[in-house]
*Asks:* 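This structure is in C-alpha cells; I'll ask about it shortly.
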Amino acid sequence: MGSILIVAEIQKGAIREATYELVSFARRVAEATDREVKSVVAGKGIGTQAEELSKRGGGEVFAIDGDTLEHYTVDAFQHAVQAAVEAASPDLVLFSNTPTGWDLAPRVAAALEAGFASDCFDLLVEDGKLVFLRRVFNGKLDARLVARGTPVVASMQPGATAAFEGTADGKVTALDAAPPADSLRVKFVETRVAEAKGVDLTKASIIVSGGRGVGAPEKFEEVIKPLAEALGGAMGASRPVVDAGWLPHEYQVGSSGQVVAPKLYVACGISGAIQHLVGMKGSNFIIAINKDPDAPIFEVADVGVVADLFEVVPALTQAVKEAKGAA
Amino acid sequence: MKIMVCLKQVPHQDARLDINAEGTWIKEDGIKFEINSYDQYALEEALRIKDAGEAEVVVVSIGPDRVTQSLRTALGMGADRAVHVKDPAIEGSDALGIARTLAAVAKEEGPDLILTGLMSDDVNTAAVPPMLAQLADMPHTTAAVKVEQHDGAMRVERELEGGALEVVDLPRPCLISVQTGLNQVRYASLKGIMAAKKKSIDVKTAADLGVADQVGPAAAKIAVEKIYTPPKGEGAEILSGSTEEVVQKLVAKIKELGLL
C-alpha cells in the first residue's frame with residue numbers, strides 16, 4: 001500500500017489551517033486509491049503541535065525536533081522533509097503553496113527526481129490516476145496535469161478546499177533527523193513586518209482600485225481618485241501599478257499588500273490575477289470595469305461593465321456627484 | 001563576480017490567448033512575446049551589481065529562434081554575453097527538464113550568483129529556480145524584494161505573506177529568485193543596443209550540454225494533458241447599454257447598497 005506524505009507547517013505557534021486542507025485532499029486520494037496518509041512536522045520544541053496534528057489530522061505524524069529547525073531555512077527543512085520521505089516512502093508528497101511551500105517543494109521534487117505540480121486548486125483521482133488542476137496565465141486559463149510515474153510532489157493553493165474536520169486517529173513518531181548546524185549554508189537573520197505607512201485600506205468602507213489598465217501614474221489622480229473621493233472612499237491599486245512605481249506599496253490590495261473587505265469595491269482596469277483576488281474577494285459588493293470580457297475579475301464581481309474605463313469612470317464620478325447633490 | 005541570469009520569453013501580457021487544436025497550449029502564431037516580467041527584475045538586479053562593482057553578466061534562455069530578440073534586448077540593457085539553448089527536443093520538457101538544462105549551463109559557466117524571476121507569467125509554477133539550485137548544489141531563496149552583499153555573502157529580504165519579510169544570508173555561489181517591484185527596470189539605450197551588436201550569443205543544443213536524454217516529453221515526470229478556459233461560475237451581472245445607461249444602473253446599485 002502506498003502512502004501520501006503531508007508536509008505540515010507551523011504558523012504563530014500552531015499547525016496552519018492550510019495543513020488541514022492538505023489533510024482533506026490527502027484523505028480523498030487515500031480513500032479512492034487505498035493509500036495511507038502520513039505527515040511530517042519540523043521545528044524546535046514542536047511536541048504539542050505534533051500531538052495536535054495527530055489528533056485533528058490523523059495518521060502517522062513524523063515529528064522532527066531540533067535547534068537547527070527553530071526558523072525556516074531551506075537547507076534545514078529540506079533535510080528534515082527528505083528524512084520523512086525516506087521513512088514514509090510516499091508516492092505523493094503534498095505541500096501548501098505558501099512562502100515555505102514554494103521555496104521548498106520544487107527543491108525536494110528535484111532531489112527526488114519527481115514530477116512537480118505547483119499551486120494546484122484541485123487534486124482528483126480518475127481511473128486510479130492522479131490528476132492535478134491549476135491556473136495558468138495569471139488565472140486566464142486552467143491546466144490539467146497528469147503524473148507519469150511516482151513519486152509526485154504537489155503544492156496546493158491555500159483555501160482551495162475546506163480544512164479537514166472529522167474523526168481522526170493518529171500517532172506521533174519522533175524522527176531524529178534535525179540536521180547538524182555545520183551542514184547548513186543558508187543563515188536565518190530575522191523576520192520583520194514591513195513598515196505600514198499612511199493608507200490603511202482595511203478600514204475603508206468603499207475602495208476604488210486601479211490596475212495596469214489605468215495606463216499611467218497621472219491617470220490615478222485624474223480618473224481613479226476623483227471617483228474614490230466622490231464616493232467618500234479610498235483609492236487602491238493592484239500589484240503591477242505598485243511594481244511600476246506609479247503608487248507606493250501602501251495602496252496595494254492583494255496577498256502581498258492589504259487584504260480588504262469593504263462594503264463596495266470598484267475595480268477599474270484590473271484583470272484579476274489570483275494574488276489580487278485573494279486580497280479583495282471578501283468585499284461585500286464588487287463592481288468591475290474592464291475592456292476584456294474574459295478578465296478573471298468578472299468571475300468574482302457582482303456587477304461588471306465591459307468597456308473603456310476612461311469613458312465609464314469619469315461619467316460615473318459625475319453621476320455620483322449629482323446623486324449626492326440631489327440627496 | 002560572475003552572474004548568470006535566466007530569462008524566459010513568454011507571451012506578451014496583453015496577447016490574445018487562443019488554445020491550439022490539440023488543446024495542450026496556446027496558439028503562438030502571430031502573438032507578441034516579451035521577457036517574463038519577473039526575469040526583467042532579475043536582470044536589472046544583476047546589472048545593478050555590475051554597475052556597483054565588477055561583475056560579468058551572462059544571460060541564458062531556452063527556446064526557439066524568437067528568443068534571440070529577448071537576448072538582444074538583454075545585451076542592449078548591459079548584459080555581457082548570452083547563451084541561447086535552442087533545440088526542438090527540449091520542447092515539452094517539464095520544469096525538471098528545464099532545470100536540468102539550465103544546471104548544465106551553470107556547470108559550464110560556473111557563476112557565483114544565479115538570478116531568476118520568482119515565476120513565469122505563462123505557467124506560473126515558480127518551480128525551476130529551486131530545482132536549478134538543487135541540481136547545481138547551491139543554496140537558494142525565493143521572492144527576494146531586496147538583495148545586498150554582506151560580509152562576502154548575499155543578504156536577501158524575501159517576501160512572506162501579509163507584509164512580513166524574512167531576512168536570510170546565503171554564501172556564494174547561490175541562487176536568488178526575485179519578486180516583481182524589486183527595482184526599477186532600465187530600458188536599453190541606443191548606445192547599449194549598438195554595443196550589443198558586437199556581443200556574442202552562444203547557441204547550444206541539449207546534446208552539447210549533455211542533457212539530451214533528460215529533456216523533452218519522454219523525460220517529463222508530469223505533463224499538461226490539456227488547457228482550457230476556466231468554467232464560468234455565476235460570474236458578474238454584465239451591464240449593457242450606452243455609457244450613460246450603464247452609469248445610471250451603477251448609481252442605482254450603489255444606492256441599493258445604501259452608500260449614496
Side-chain angles (χ1 to χ4, degrees), chain A residues 73-75 99 102-103 106-107 109-111 114-119 135-138 140-149 152 185-194 206 242-243 245 255-256 263-264 285 287-288 298-299 301-306 311-312 315-316 319-320 323-324 327, chain B residues 17 94-96 99 121-127 130-131 133-135 139-143 155 158-171 180-181 184 220-230 233 235-239 243-244 246-248 250-251 253-255 257 259-260:
Chain A
T73 63
V74 67
D75 288 347
W102 74 56
D103 204 57
R107 185 156 192 144
F116 177 56
S118 171
D119 197 19
R135 308 225 186 276
V136 292
F137 288 101
N138 297 318
K140 290 177 194 153
L141 296 172
D142 284 355
R144 185 185 148 94
L145 274 62
V146 286
R148 295 181 178 149
V152 192
R185 297 180 286 192
V186 179
K187 200 175 127 226
F188 170 86
V189 180
E190 60 173 341
T191 49
R192 57 190 172 80
V193 176
I206 299 176
V242 173
D243 284 347
S255 54
S256 51
K263 290 179 185 157
L264 173 63
F285 196 87
I287 295 174
F298 289 122
E299 281 299 300
D302 295 283
V303 166
V305 179
V306 181
E311 283 176 21
V312 175
L316 180 58
V320 167
K324 284 207 166 170
Chain B
L17 302 177
D94 61 0
L96 191 56
D121 290 314
D122 53 359
V123 294
N124 308 147
T125 64
M131 285 182 162
Q134 169 66 24
L135 299 172
H140 85 269
T141 193
T142 47
R155 174 158 287 187
R158 70 181 292 251
E159 187 178 85
L160 305 178
E161 297 143 296
L165 297 169
E166 180 179 87
V167 185
V168 288
D169 284 347
L170 294 92
T180 54
Q184 288 293 313
K221 301 285 175 72
I222 196 142
V224 175
E225 201 177 62
K226 66 167 188 167
I227 63 167
Y228 54 98
T229 308
E237 174 197 344
I238 301 293
L239 304 181
T243 299
E244 200 173 311
V246 164
V247 163
Q248 285 316 315
L250 287 176
V251 168
K253 291 280 179 194
I254 299 168
K255 276 186 179 160
L257 295 167
L259 296 172
L260 266 182

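Chain letters run A, B, ... following the sequence lines, proteins first and then strands; every chain starts at 1.
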*Asks:* With side chains defined as the heavy atoms from C-beta onward, is the minimum distance between B/Val123 and B/Val224 less than 4.5 Å?
*Replies:*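 They are not in contact (no side-chain heavy atoms under 4.5 Å apart), so the answer is no.
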*Asks:* Quick one: pull up CD in A/Glu311 and OG1 in B/Thr243 and give me the separation to the nearest 0.5 Å.
*Replies:*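 The OG1 atom of B/Thr243 is 4.5 Å from CD of A/Glu311, to the nearest 0.5 Å.
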*Asks:* Search all heavy atoms of A/Val136 against all heavy atoms of A/Ala143 and return the closest pair with its distance.
*Replies:*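 Heavy atoms only, the tightest pair is CG1-CB, 4.0 Å.
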*Asks:* When you compare the side chain of A/Asp119 with that of B/Asn124, does any pair of heavy atoms fall below 4.5 Å?
*Replies:*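 They are not in side-chain contact.
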*Asks:* Would you compute the distance between atom NZ of B/Lys226 and atom CZ of A/Arg144 and round it to the nearest 0.5 angstrom?
*Replies:*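 With rounding to 0.5 Å, NZ (B/Lys226) is 6.5 Å from CZ (A/Arg144).
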*Asks:* Hey, which of B/Ile227, B/Val246, B/Leu170 has the most heavy atom pairs under 4.5 Å with chain A?
*Replies:*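 The candidate making the most pairs under 4.5 Å is B/Ile227.
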*Asks:* May I ask you to name which of A/Ala117, A/Ala301, A/Ser255 has the most heavy-atom pairs under 4.5 Å with chain B?
*Replies:*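 Highest number of heavy-atom pairs under 4.5 Å: A/Ala301.
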*Asks:* Any idea which of A/Ala315, A/Gly149, A/Gly245, A/Ala109 has the most non-hydrogen atom pairs under 4.5 angstrom with chain B?
*Replies:*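 Ranked by heavy-atom pairs under 4.5 Å with chain B, first place is A/Ala315.
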*Asks:* When rounded to the nearest 0.5 angstrom, what is the spacing between CG in B/Leu259 and NZ in A/Lys324?
*Replies:*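 It is 8.5 Å, given to the nearest 0.5 Å.
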*Asks:* Relative to chain B, which of A/Val74, A/Thr73, A/Asn138 shows the most heavy atom pairs under 4.5 Å?
*Replies:*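 Most pairs with chain B among the choices: A/Asn138.
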*Asks:* Counting heavy-atom pairs under 4.5 Å with chain B, which one of A/Gly304, A/Gly115, A/Ala110 comes out on top?
*Replies:*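 Highest number of pairs under 4.5 Å: A/Gly304.
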*Asks:* Out of B/Gln248, B/Glu244, B/Arg155, which one racks up the most heavy-atom pairs below 4.5 Å with chain A?
*Replies:*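 Counting heavy-atom pairs under 4.5 Å, the top option is B/Arg155.
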*Asks:* Heavy-atom pairs under 4.5 Å with chain A: which of B/Thr141, B/Leu135, B/Thr142 has the most?
*Replies:*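 Top option by heavy-atom pairs under 4.5 Å: B/Thr142.
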*Asks:* Where on B/Thr229 is there a heavy atom nearer than 4.5 Å to chain A: the side chain, the backbone, both, or neither?
*Replies:*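 Both backbone and side chain of B/Thr229 come within 4.5 Å of chain A.
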*Asks:* By a 4.5 Å heavy-atom criterion (distance strictly below it), what part of A/Val303 contacts chain B: side chain, backbone, both, or neither?
*Replies:*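 Contact with chain B involves both backbone and side-chain atoms of A/Val303.
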*Asks:* I'd like to check B/Lys221 versus A/Phe116 (side-chain heavy atoms, cut-off strictly below 4.5 Å). Are they in contact?
*Replies:*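 A side-chain contact under 4.5 Å is absent here.
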*Asks:* Is A/Asp103 salt-bridged to B/Arg158, going by a charged N under 4.0 Å from an acidic O?
*Replies:*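 Salt bridge between A/Asp103 and B/Arg158, a charged N being under 4.0 Å from a carboxylate O: yes.
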*Asks:* How far apart are the closest heavy atoms of B/Met131 and A/Pro106, and which atoms are they?
*Replies:*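 Of all heavy-atom pairs spanning B/Met131 and A/Pro106, the closest is CG-O, 3.2 Å.
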*Asks:* Contact part of B/Ala223 toward chain A, heavy-atom cut-off under 4.5 Å: side chain, backbone, both or neither?
*Replies:*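 Contact with chain A is through both the backbone and side chain of B/Ala223.
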*Asks:* With a 4.5 angstrom heavy-atom cut-off, which part of A/Ile287 approaches chain B: side chain, backbone, both or neither?
*Replies:*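 A/Ile287 touches chain B through side-chain heavy atoms alone.
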*Asks:* Determine the option with the most heavy-atom pairs under 4.5 angstrom with chain A, choosing from B/Leu239, B/Leu165, B/Leu160, B/Val168.
*Replies:*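 Winner by heavy-atom pair count: B/Leu165.
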*Asks:* Would you give the length of the straight line joining atom CG of B/Leu260 to atom CD1 of A/Ile206, rounded to the nearest 0.5 angstrom?
*Replies:*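 These two atoms lie 7.5 Å from each other.
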*Asks:* So what's closer than 4.5 Å to chain A heavy atoms on B/Glu159: side chain, backbone, both or neither?
*Replies:*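 Both backbone and side chain.
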*Asks:* Side chain, backbone, both or neither: which part of A/Ala288 has a non-hydrogen atom closer than 4.5 Å to chain B?
*Replies:*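 Contact with chain B: none, neither part.
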*Asks:* Name the region of A/Phe285, side chain, backbone, both or neither, that has any atom closer than 4.5 Å to a heavy atom of chain B.
*Replies:*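 For A/Phe285, side-chain heavy atoms alone lie under 4.5 Å from chain B.
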*Asks:* Chain A heavy atoms under 4.5 Å from B/Ala127: which part of the residue, side chain, backbone, both or neither?
*Replies:*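 When you check distances to chain A, atoms from both the backbone and side chain of B/Ala127 fall under 4.5 Å.
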*Asks:* Under a 4.5 Å heavy-atom cut-off, does chain A meet the side chain of B/Leu257, its backbone, both or neither?
*Replies:*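 When you check distances to chain A, only side chain atoms of B/Leu257 fall under 4.5 Å.
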*Asks:* What option among A/Val320, A/Val152, A/Leu316, A/Val146 has the most heavy-atom pairs under 4.5 Å with chain B?
*Replies:*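 The option with the most such pairs is A/Val146.
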*Asks:* Is it the case that the side chain of A/Asp75 and the backbone of A/Val186 share a donor-acceptor pair, with hydrogens and angles ignored and the cut-off at 3.5 Å?
*Replies:*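 Yes; judged by distance alone, with no hydrogens or angles, the pair exists.
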